[in-house]
Amino acid sequence: MTVQLDKISGGYGDTLIHRELSLSVAAGEVVAIVGRNGTGKTTLARLITGELPLAGGVIRLGDRPIRPLAAWGRARAGVVSMPQTGMVFDTLSVHENLLLSGATPAQIAAITRHFPRLAERMTQTAGSMSGGERKILGFARAMLMPGTALVLDEPSEGVQPENIARMQALIDAKRQAGTAVLLLEQNISMILAVADRVLAMDVGGLTFALEKHQINREAVLSALEI
Amino acid sequence: MDTLVLFTLNATWQIAALALMALGLALVFGLLRIMNMAHGEFVMLGAYAPVLAAQLGLPALAAVPICLMMVGLTAWLVERLVVRHLYARMFDSLLATWALSILMRKGAELVFGRQFRNVASPLDGVTQIGAIGYPSYRLAVIALVLAGGLGLWLWYRRSATGLRLKAMVDNPALAQAVGINTARLSAMAFVSGCLMAGLAGMLLAPTLSISPGMGLDALIRSFFALIVGGLGSLEGLALGASVIGGLQSGLSAAFTQTAGYLGVLSLAILFLWRYPDGLYRRR
């Protein structure tokens with residue numbers, strides 16, 4: 001389903017990080033937002049998921065305005081997210097983390113075939129795993145949740161290349177299924193592999209957009225260097 | 001031999017009664033990080049349920065719905081009006097619930113009067129264990145605490161709601177991201193903790209002298225058990241209640257009641273001072 005941000009503002013307390021930012025992600029589209037650290041990518045993700053309150057503007061999922069919904073309500077309405085940090089329940093086992101997505105045992109078994117590492121560690125607590133493995137677990141949990149929009153905040157950070165490739169395949173499958181995917185990433189090869197559109201973010205807002213045919217390594221790098 | 005059996009029974013009773021009394025405090029702290037200073041007043045409120053049932057001429061079992069309604073309604077109101085706004089603010093919630101405890105105590109003085117009351121045990125027989133006759137009611141409460149504690153422990157580990165609670169304790173933001181209504185779950189947890197306190201008061205009522213001020217003693221004894229055992233887990237609660245209850249009945253049997261209180265107080269101070277994490281450390 002289409003996700004539409006219409007002139008949203010927000011940040012931490014009285015400090016606005018974003019002012020009147022607008023963008024939309026169509027159903028079945030993967031939009032990547034790139035930018036240096038500290039430009040407000042994670043803040044944007046939190047404003048969409050409801051972890052941070054909006055100071056202004058409208059967010060629509062399809063035709064439905066979701067601003068009045070708390071974070072849990074947005075998740076149930078179909079906005080699935082994987083935060084950049086704290087993406088797993090550290091004290092719970094790998095299996096319990098996956099169970100909380102609401103998935104059936106068959107679905108859980110299916111996702112662990114993509115990531116054999118998780119299958120080996122089902123009973124281990126998530127907090128005892130490496131940073132990359134926790135990213136994979138958080139990603140797998142997000143993939144299992146039923147949703148029509150997906151917000152991924154740096155899923156590939158610290159993850160080994162073969163697992164990044166599996167992540168890309170799963171993101172592609174979500175696109176095929178008609179999910180609107182917003183990907184906040186620094187990993188250029190992942191962006192090149194999955195993005196339909198790239199938006200560059202700098203302090204103060206979005207600076208330029210790259211359409212599908214304009215996306216190449218140099219163009220994305222220049223967005224990262226602004 | 002008989003002395004030993006009697007001592008064991010008394011110690012078991014003390015431990016079970018203490019664990020029952022402290023359960024609500026442990027639940028609310030473990031799940032919500034709120035030190036509910038009005039915990040004792042919910043115990044007190046529950047203890048008045050059988051008093052009311054007797055006054056109204058109702059059968060003893062009527063105390064159960066009276067307790068659930070009286071305590072549940074109070075806890076629900078308190079959560080809506082006060083506690084809801086103070087989650088994740090440990091010191092503020094401590095102050096607020098402390099004020100609440102004074103209000104509830106004074107309220108109870110107005111409604112129930114200041115005099116001490118007693119209620120008859122609904123199960124007034126004696127069960128013969130060897131040569132010893134032990135009050136059947138106490139044995140029934142011990143059995144109930146064991147079964148209930150084990151049931152609760154299993155439920156927390158195995159059930160879907162238990163999993164959601166664990167997720168909320170671990171990472172509230174992510175819990176919301178997987179669709180858990182943390183506000184409602186927190187409210188449920190708080191009301192359940194208060195209901196546990198109320199039910200403890202109701203069950204222990206025949207063995208206590210009931211008055212509006214009885215909550216303070218309940219709070220302090222519960223707090224000691226949690227400090228020694230380790231705050232915020234059922235395992236810690238069981239351990240703490242065993243040490244505190246066992247020590248108190250041991251010293252009381254060997255010396256005097258006063259020695260029992262003194263020993264418990266010294267141990268609690270020692271733990272607060274040297275081992276604030278308690279015996280059972282959370283992961």
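As a basis for the values below, the full set of heavy atoms in this structure was taken, side chains included, without hydrogen atoms, waters or symmetry mates. Not measured: the values here are computed from a predicted model. Letters go in sequence order (proteins before strands), and every chain restarts at 1.
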Side chain of B:D170, backbone of A:T91: donor and acceptor closer than 3.5 Å?
yes
Can you pull out the residues in residues 126-141 of chain A with any heavy atom less than 4.5 Å from chain B?
A:R141
What distance separates [X] [atom1] from [Y] [atom2], expressed to the nearest 0.5 Å?
X      : Y      : atom1 : atom2 : answer
B:L174 : A:F89  : CG    : CZ    : 3.5 Å
B:L163 : A:S93  : CG    : OG    : 8.0 Å
B:N171 : A:N97  : CG    : CG    : 9.5 Å
B:I180 : A:L100 : CD1   : CG    : 5.5 Å

Does any heavy atom of chain B fall under 4.5 Å from the side chain of [X], the backbone, both, or neither of them?
X     : answer
A:M82 : neither
A:V80 : neither
A:E96 : both

Heavy atoms from other residues, nucleotides or ligands near [atom1] of [X] exceed 12 (cutoff 6.0 Å):
X      : atom1 : answer
A:R64  : CZ    : no
B:F91  : CZ    : no
A:Q160 : CD    : no
A:R175 : CZ    : yes

Best-contacting candidate, B:R164, B:Q176, B:K166, against chain A by heavy atom pairs under 4.5 angstrom
B:Q176
Considering only heavy atoms, which portion of B:A183 lies under 4.5 Å from any heavy atom of chain A: side chain, backbone, both, or neither?
neither
Which atoms of B:A177 come close to chain A, meaning under 4.5 Å heavy atom to heavy atom: side chain ones, backbone ones, both, or neither?
both
